[in-house]
**Student:** 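Have a look at this one before I ask anything.
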Amino acid sequence: MTTPVTGTAPAPGRSRRRLALGAILHGSGGHIAGWRHPSSPPDGQLDIDHHIRLARTLERGTFDALFVADTVAIWGHQYDSLRRTARADHFEPLTLLAALSTVTERIGLVATATTTYNEPFHIARRFASLDHLSAGRAGWNVVTSVVPLEAGNFGRDTHLEHGARYLRAEEFVEVVRELWDSFDDGAVVRDTASGHYYDPAGLRTPHHAGPHFTVRGPLNISRPPQGHPVIFQAGSSETGRAFAARHGEVVFTAQTSLAGAQAFYADIKARAAAYGRDSDHLLVWPLLSPFVASTRERARARLAELQELVHDDVARRLVQDNIGDLDLSGYPLDGPLPPIGATNRSRSRQELMLDLARRENLTIRQLALRFTTVGAVAGTPEDVADHIEEWFTSRAADGFTISFPYLPGAAEDFVDLVVPELRRRGLFRHTYGTTTLRGHLGLPRPRAGIGGAGGTGGAGGAGGAGGAGQPVGAGRQAGPGAGEGNR
Ligand SMILES: Cc1cc2nc3c(=O)[nH]c(=O)nc-3n(C[C@H](O)[C@H](O)[C@H](O)COP(=O)(O)O)c2cc1C
């Protein structure tokens with residue numbers, strides 16, 4: 001395998017900021033009724049040819065990355081509503097991305113994996129494998145899980161409490177990084193003449209022992225081409241933001257207004273700087289769901305057409321599932337929300353919904369329909385490009401997580417109509433100048449052995465840390481703040 005290009009320096013005199021575009025790869029679309037859209041293939045969720053075509057469309061649009069979201073449970077347990085959505089049916093993300101890595105060449109491949117229902121060794125190994133398969137295009141969206149039903153699939157009666165999930169996640173990420181650094185860059189020499197496959201001086205055995213994990217290591221695969229696959233995160237609560245600021249290199253957010261997005265952007269960058277990180281190495285990507293047509297009227301009609309397809313049962317469950325732990329079955333859809341107490345779900349998601357309901361004085365049905373359009377922009381290609389340009393230049397976004405409401409039509413419209421407009425404005429690349437996801441995003445390649453997202457510079461020297469069997473990290477208690485000095 002050739003050595004991948006690492007982070008690119010900006011051309012002299014040009015701004016370091018670059019607009020990034022990522023796309024969520026939902027089989028039949030991000031809108032809850034997207035699978036019912038007349039142009040979406042009914043079997044889109046599990047049709048590999050459909051996914052390949054989508055990935056190639058996005059690569060034609062020089063997208064930085066495509067992203068596969070995940071929960072390790074069926075999304076919802078009310079079969080009345082579940083049977084009316086495509087959510088019961090989706091590929092396991094890393095399996096899908098492994099397949100897509102063989103039919104794409106440049107686009108980044110990002111998958112969600114939960115720290116609550118996995119072991120660090122498995123995750124380090126799978127993402128290292130994807131990074132090798134794709135020659136440096138892997139990214140890991142670190143989540144702590146939000147769906148209570150996930151607990152039931154892993155021997156637990158209830159979901160871990162919010163704070164406990166993040167404590168486990170802190171140590172989880174530290175262990176994964178230690179495992180990715182098991183072999184120094186260049187330690188795997190494959191010297192057929194001397195008969196040495198790897199140089200033992202370049203091998204670190206983590207010997208990690210902490211409150212949640214005891215992992216001896218080393219990992220059974222060479223250091224990933226990117227050093228570490230890129231870390232994505234979507235923390236939004238106080239604890240979640242602290243975690244994202246410490247570890248996230250791309251931070252997803254579902255902000256609903258420009259002012260809110262600017263405040264989030266400033267806050268998360270300041271937090272990253274307070275942890276000793278370069279805030280340019282944490283990129284903020286709000287959600288954007290584009291409905292593009294040649295006129296505004298047509299674009300709005302497309303949005304209205306999808307909203308009409310949201311069944312009453314689905315509307316009720318959307319509100320119930322995202323606020324969490326309440327039963328709305330006794331309440332009229334066209335009436336107000338009942339009073340809501342604290343829950344163990346995603347706090348930010350609950351706050352987002354309650355805030356929308358209060359601010360816009362919405363009934364349960366209106367709240368559901370409003371929620372399906374968080375991040376929606378319906379308009380001409382110029383309107384959508386204006387939105388992107390305004391949020392980018394006013395520091396509400398470094399890039400966007402594009403959730404196409406229906407597929408493949410909405411992705412094709414965006415690539416054929418909006419991307420050329422962004423290029424014409426000088427906002428977006430015409431071709432990939434780099435080969436790795438880190439390269440596309442202008443993120444540094446972490447040096448081996450320093451553990452953090454902010455590690456910059458060249459490859460760590462072989463032999464700089466303990467050799468085979470040496471307990472380099474023995475007894476290290478990785479908790480909040482562990483290793484901060486490295487970032
Ligand atoms: C663009 C985007 C993608 C997300 N993808 C996932 C996902 O794939 N799986 C998941 O469990 N949660 C996902 N989430 C939800 C976040 O994990 C959750 O909102 C976040 O953890 C905030 O949690 P907090 O309120 O505890 O900070 C996503 C959120 C956003 C904005």
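Remember, it's 1-based here, ligands and their atoms both numbered in the order they're listed. Numbering starts at 1 and runs along the sequence shown. These numbers were taken from a predicted model, which means no experiment stands behind them.
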**Student:** Looking only at N/O atoms, are Ser237 and ligand 1 under 3.5 Å apart anywhere?
**Tutor:** yes
**Student:** Just heavy atoms, cut-off under 4.0 Å: does Val143 contact ligand 1 by side chain, backbone, both, or neither?
**Tutor:** side chain
**Student:** Checking the N or O distance criterion of under 3.5 Å, is ligand 1 in contact with Thr144?
**Tutor:** no
**Student:** For Thr239, which part has a heavy atom under 4.0 Å from ligand 1: side chain, backbone, both, or neither?
**Tutor:** neither
**Student:** Heavy-atom distances under 4.0 Å are what count here, so tell me which part of Arg241 touches ligand 1: side chain, backbone, both or neither.
**Tutor:** neither
**Student:** Using a plain distance cutoff, I'd like to know if Ser145 has any nitrogen or oxygen under 3.5 Å from a nitrogen or oxygen of ligand 1.
**Tutor:** no
**Student:** Are Phe232 and Trp285 close enough that their ring centers fall under 6.0 Å?
**Tutor:** yes
**Student:** Would you say Thr112 has any N or O atom under 3.5 Å from an N or O of ligand 1, going by distance alone?
**Tutor:** yes
**Student:** Going by an N to O cut-off under 4.0 Å, is there a salt bridge joining Arg60 and Asp416?
**Tutor:** yes
**Student:** Does Thr71, backbone or side chain, put an N or O under 3.5 Å from an N or O of ligand 1?
**Tutor:** no
**Student:** Tyr166 near ligand 1, heavy-atom distance under 4.0 Å?
**Tutor:** yes
**Student:** Specify side chain, backbone, both or neither for Phe67, according to which of its non-hydrogen atoms lie closer than 4.0 Å to ligand 1.
**Tutor:** side chain
